[in-house]
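Computed from a predicted structure; not experimentally measured.
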Amino acid sequence: MSFLKALIIHPEREVTTRLREFLSKESRVKVLGEAMTSFEALELLENISYDVFFLGINLPSGVDGVELAQILNQRKKRPNIVFVADDESLAYKAFEVGATDYLVWPFSSSRVAKTIERLHRFSSQTRIVDRDKPDNSSLQEDLEEETVQLNLADVDEDSFLTALRQAWDVNRGSRLEIEKLPINLDGKMILVPYNQIVFVEAYEDYSFVHTSQEKFLTSYRLKNLEERLNRHGFFRVHRKYLVNLEMVTEIASLPGSNFMLRTAGRKKIELPISRRRISELKQILGL
């Protein structure tokens, strides 16, 4: 018999317990874990390919349910997401980031049953585990190739093919690279020009990319962005911060032989500079 592998992510014990009670009556769903934060959920997802997340909106530790959904949207395979919220105020936002359903607490058993029906209607997109067969699907997924069909006008197609030839031409000195950072936002991929990024802030295994107007949570590690952006005028001033040096307007010394920098723009940002990096930074800036 097949079933959906579920993970409940919610900080309130009452909600988790109630949801478990309802789901335990459903033979088509099996709860394989619980988590209280987005980071716990991502760690569990690395070991078990869950089919559905029952996901709270307000989660502790800085990354809420909507932001977690945005992170999951960047994965090749992601679980279905059923949001669990206190009211309907974020329902539109939830479906915008790809929610399969939206439960308002306190929910009834009949409402949860409708959610299960909805999840199974999505079964063509959802991998369901057969209890009687070994789960080799992850291996199979790795072996599968995906074909993407693009409907392009003739002119666009020529440009696209030219770009591909340039990108894969081994005789060229370097591969084609645009100076923009792809970031997944609400299910869409936006491109943020490097020169609009003020600084990048490490956050666990993720990072916040700050522009003068916005702040984006991304699945990039700071180390990876450092490798990508260094040759474009970015410098790692601290273990937590990567800064666009074009945006730096001031470096100041602080008591205790410490240093900080200030960035340009109407909203001045002050960031610390680690002692071991100050010499290299001064050399780069010609100070």
Side-chain angles (χ1 to χ4, degrees), residues 4-12 15-16 19 23 29 33-46 48-105 107 111-112 114-127 141 146 148 180-192 197 200-201 203-211 213-221:
L4 296 168
K5 294 183 293 183
L7 178 68
I8 300 174
I9 308 107
H10 204 282
E12 296 181 25
V15 177
T16 302
L19 191 52
L23 295 177
V29 178
E34 294 179 10
M36 293 184 65
T37 70
S38 295
F39 299 109
E40 291 174 358
L42 288 169
E43 283 187 15
L44 291 170
L45 186 60
E46 293 303 316
I48 298 176
S49 56
Y50 293 96
D51 300 305
V52 54
F53 275 11
F54 288 88
L55 179 60
I57 295 281
N58 298 315
L59 301 178
S61 301
V63 177
D64 64 26
V66 173
E67 291 171 327
L68 175 58
Q70 291 171 344
I71 294 171
L72 293 173
N73 285 338
Q74 300 178 43
R75 299 174 69 98
K76 183 178 179 183
K77 296 289 184 182
R78 75 160 178 84
N80 286 289
I81 295 174
V82 176
F83 279 104
V84 180
D86 293 332
D87 55 47
E88 297 178 341
S89 62
L90 291 173
Y92 179 79
K93 182 76 173 178
F95 285 106
E96 225 183 15
V97 295
T100 304
D101 206 351
Y102 189 94
L103 290 171
V104 177
W105 172 257
F107 36 75
R111 180 63 183 83
V112 176
K114 288 182 179 178
T115 296
I116 304 306
E117 290 298 329
R118 181 188 291 263
L119 285 167
H120 276 268
R121 281 203 300 273
F122 281 79
S123 59
S124 59
Q125 290 88 40
T126 305
R127 185 170 53 80
E141 287 169 4
E146 184 177 3
V148 179
K180 296 180 181 179
L181 185 67
I183 294 178
N184 193 294
L185 181 65
D186 297 339
K188 298 175 293 187
M189 191 66 73
I190 64 170
L191 298 174
V192 179
I197 298 172
V200 184
E201 176 185 8
Y203 190 86
E204 302 285 348
D205 289 335
Y206 306 91
S207 63
F208 287 108
V209 172
H210 297 257
T211 67
Q213 303 292 331
E214 297 179 276
K215 172 183 175 183
F216 304 101
L217 177 65
T218 77
S219 59
Y220 297 110
R221 289 171 178 258

When you measure from the side chain of S49 to the backbone of L45, do you find a donor-acceptor pair of N or O atoms at a distance under 3.5 Å? no
Audit row: Y206, V63, side chain to side chain contact (heavy atoms under 4.5 Å, CB included) steps and yes/no: CA-CA 10 Å; Y206 306 91; V63 177; 5.9 Å; no
Has N73 got a side-chain atom pairing as donor or acceptor with V97's backbone, closer than 3.5 angstrom? yes
Shortest non-hydrogen contact from P60 toward P11: CD-CB, 3.9 Å
Nearest-0.5 Å distance that lies between atom CG in D86 and atom CD1 in I57: 9.0 Å
Qualifying residue for side-chain contact (heavy atoms from CB on, under 4.5 Å) with Y102, from V84, V82, L90, I81: L90
Under 3.5 Å donor-acceptor, E67 side chain and D64 backbone: yes
Show, in sequence, the C-alpha distance, side-chain angles and deciding distance for I116 and L23, and conclude whether the side chain to side chain contact (heavy atoms under 4.5 Å, CB included) test is met. CA-CA 9 Å; I116 304 306; L23 295 177; 3.8 Å; yes
Heavy-atom count around R221 CZ within 6.0 Å, excluding the residue itself: above 12? no
Nearest 0.5 angstrom please: K93 NZ to F83 CZ, how far? 10.0 Å
Is a donor on one side and an acceptor on the other found under 3.5 Å between the side chain of S207 and the backbone of Y220? yes
Measure up the Y203 and F208 rings against each other and bin them: parallel (under 30°), tilted (30 to 60°), perpendicular (over 60°). perpendicular
Side chain to side chain contact (heavy atoms under 4.5 Å, CB included) for F54 and T16? Distances and angles first, verdict last. CA-CA 9 Å; F54 288 88; T16 302; over 6 Å; no
Can you tell me how far apart NZ (K5) and CD1 (I48) are? Round to the nearest 0.5 Å. 7.0 Å
Are side-chain heavy atoms of F216 and L181 found at a separation under 4.5 Å? no
Between P182 and L191, is any pair of side-chain heavy atoms under 4.5 Å apart? yes
V29 vs D51 side-chain heavy atoms within contact, under 4.5 Å: no
With rounding to the nearest 0.5 Å, note down the distance linking CG in L55 to NE2 in H10. 9.0 Å
How many angstroms lie between CZ in R118 and CG in D101, if you round to the nearest 0.5 Å? 4.0 Å
Output the distance between atom CD1 (I183) and atom CD (Q70), rounded to the nearest 0.5 Å. 10.5 Å
Would the distance check show the side chain of S38 and the main-chain N or O of L68 forming a donor-acceptor pair, the cut-off being under 3.5 Å? no
